[in-house]
Structure formats: structure tokens, C-alpha cells
Amino acid sequence: MTAEWTTTRRMTTEGTASDRTTARAFPTVLAQALRERVLSLMDTSRPEGPAFLAAAAGTEVAKATGFGPLEKLCKPLIVPAALTIALREGAQGGAGAGSGGLGPVDTALLSVTGAAYTTGDVILMLGGGHASRSKARLVSGAAAFGVGHLALGGLMLRSGLRFKPVQSAVHGVVAGAAGAILLSEDRANAPLAAYGGLLAALSALATSVDRRSGPGASVLAVAGPVFLLSDALILLRRKTEGGSALARGLDVGVIDTYATAALLLLTGTAAAARTAGRSA
């Protein structure tokens, strides 16, 4: 009895230690993946990295200065550049899902996401940007982004990600609180509240990523919350007086967080799909 109890205790202790090691290791893996992502953007041998930086920086300058033509030139290029990065890295894994590369369905879902996000960008940009008071245009933009979120969430599930209880509960509270605030302001905000719930669900799934999805996918743990922050800043910006320093600062903040989230969501999900392909 004593020997059995000792053996069981040792196994339990070893398992707990292993879990703790894994828990400690994930932040290290995430930090390394984020560092490598930043360095890859400065690799001039691949034009899509510098193109992404140029598009994001140009949009930031346009927002800070109020120079509309520069925004119209740069903003629609942010997501296509990020998508190109994700697809190029996916192609490095091989010709098919079984060899660790992106399969046709993976590529299609990523492409749908990129197209939907870009469409949403254009809809919002042509309607006065973050300062627009048009609820119909905001809902139309949210609908376009919603299509992208559904496609990307589908690829995450296809790649093996699953909702975890803690992440789901936290995001459920956030979505519920945001929805209650929107509906208290105007019942016509129901579509925006529904969109917020969808984005929160995507973020909950993204933050449920773990080491089984590979180091490159770890950036999803940051991507989802950053996208939520970006959309929260848009709602705050709509209540701010146009032309003020605060308004322009919020405009730049929206672009910073949005570009970061889009890049990490697309490349992180592509990395998870590649890992799933290698294990297939």
C-alpha cells in the first residue's frame, strides 16, 4: 500500500511539475515568436514585410495629419500584405496539408478572411473613417469583418484549436458587458452587439491556443485581445470631438492595434494550420 501510494504521489508530482514547466514555457515561446515576427517584417529579401510596415506607417501618418488621400492609398494594403506573409510562410511547408504546408481549404479560408477584412476597411474608410456617425455604414463594415472572423475561426477549429473554459468565460463577460452598453444606448445597436459577441468568440478561441499548435501559432494569444481593443477604440473615437489631439491619437491607436491584430491572426492561424498538416 505504501509503495503504491509513493508511486502514485511521484507520478502526480511529476505530472504537476511538467504542467508547470509547460505553463512557464508558453510565455517564453510567445515572446520568441513575437520577436521573430517583428524581425521578419524587416527582411528586405521578401517585399511583403516592408510593404506591410509601409502601409501601416502610411496610414498612421494619414490619421495623425488628417491627410485623406494617403489613407486611401495605404490602408487597403495592410491586410493584403499580412495575408501575403501568411501564405508565403504556408507555402514553405510543402505542396499539401499532409507535408506540413497549407492545403487548398486552408488557403481558401485565409484568403476569404483577407478579402473580408479589406472590404470592411474600404467600407469604413470611404464613410468618414473612425469618426463616422453613420450607423448603417458601421454595421456594413462590421458585417464584412464578421465574414472574415467566421472564416478564420473555421480555420482555427480545423487546425485543432478548441475553446477553453477560462478564456470562454472571460470573453463571455466582456461581450456581455459591451453588448449591454451598446443596447442601453440604442436598441438599433443590436447588430453591433452581435458583432461584438462574434469577435469575442474568435478572441476566446485564439487565446485558447497552446503549445500543441506550434510556436508560430502562439501569437494568437495576443492577436485576439488586440483586435478587441482596436474595435473598442473605434467606438470611443466616435464619441470624441473631431480634429482634437485626442481624436487623432485614437485614430492612430486604432490603426496600430488593428494592423498588429490582423497580422498576428493571419500568420498565427496559418502556423496552426501548418502544424496540423504535419501531424495529419
Side-chain angles (χ1 to χ4, degrees), residues 41 47-87 107-155 189 191-192 194-196 198-199 202 223-224 226-238 240 242-243 247-248 250-267 269-270:
L41 295 177
E48 59 270 18
F52 173 83
L53 291 176
T59 308
E60 289 172 348
V61 171
K63 286 297 187 183
T65 61
F67 188 53
L70 181 59
E71 179 186 2
K72 290 178 174 59
L73 176 66
C74 294
K75 190 177 182 183
L77 300 179
I78 293 176
V79 171
L83 176 63
T84 302
I85 294 171
L87 292 178
T107 300
L109 289 171
L110 280 174
S111 299
V112 168
T113 301
Y117 284 2
T118 303
T119 299
D121 279 340
V122 172
I123 290 173
L124 296 178
M125 179 180 66
L126 297 181
H130 309 150
S132 175
R133 298 299 196 274
S134 171
K135 190 169 298 181
R137 188 174 292 275
L138 190 60
V139 169
S140 296
F145 278 105
V147 171
H149 296 338
L150 288 172
L152 197 63
L155 181 53
N189 284 333
L192 297 179
Y195 167 80
L198 176 60
L199 177 56
L202 179 71
V226 173
F227 210 125
L228 281 171
L229 174 60
S230 182
D231 279 6
L233 291 177
I234 289 178
L235 294 178
L236 181 60
R237 171 64 181 87
R238 295 177 73 236
T240 306
R248 293 190 177 183
L250 287 171
D251 279 336
V252 173
V254 169
I255 295 303
D256 286 343
T257 50
Y258 169 63
T260 299
L263 175 68
L264 297 183
L265 279 173
L266 289 168
T267 57
T269 305

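All values below were derived from every heavy atom in this structure, side-chain atoms included, with hydrogens, water molecules and symmetry-related copies excluded.
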Looking at every heavy atom in both [X] and [Y], which two are closest together, and how far apart are they?
X: I85; Y: G49; answer: CD1-CA, 4.1 Å
X: P191; Y: V139; answer: CB-CG1, 4.0 Å
X: R137; Y: L124; answer: O-CD2, 3.9 Å
X: A64; Y: R248; answer: O-CD, 3.2 Å
X: S140; Y: I123; answer: O-CD1, 3.9 Å
X: A259; Y: I78; answer: CB-CG2, 3.9 Å

Supply the atom-to-atom distance [X] [atom1] to [Y] [atom2], rounded to the nearest 0.5 angstrom.
X: K63; Y: E71; atom1: NZ; atom2: CD; value: 3.5 Å
X: K75; Y: T118; atom1: NZ; atom2: OG1; value: 10.5 Å
X: F145; Y: L202; atom1: CZ; atom2: CG; value: 12.5 Å
X: L109; Y: T269; atom1: CG; atom2: OG1; value: 10.0 Å
X: L235; Y: T240; atom1: CG; atom2: OG1; value: 10.5 Å

Any side-chain heavy-atom pair of [X] and [Y] under 4.5 Å:
X: Y258; Y: T59; value: no
X: L264; Y: V226; value: no
X: L41; Y: L263; value: yes

Please list, chain by chain and in numerical order, all residues satisfying side chain to side chain donor-acceptor pair (under 3.5 Å) with Y117, sequence neighbours excluded. H149
With sequence neighbours left out, write down each residue that passes side chain to side chain donor-acceptor pair (under 3.5 Å) with T260, or none if nothing qualifies.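 T260 satisfies side chain to side chain donor-acceptor pair (under 3.5 Å) with no other residue.
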S230 (side chain) donor-acceptor with V254 (main chain) under 3.5 angstrom: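 Judged by distance alone, yes, a pair lies under 3.5 Å.
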Only counting residues at least two apart or in another chain, list the ones meeting side chain to side chain contact (heavy atoms under 4.5 Å, CB included) with [X].
X: L236; answer: L250
X: A142; answer: L192, Y195
X: L83; answer: L87, L110, L266
X: L229; answer: L233, T257

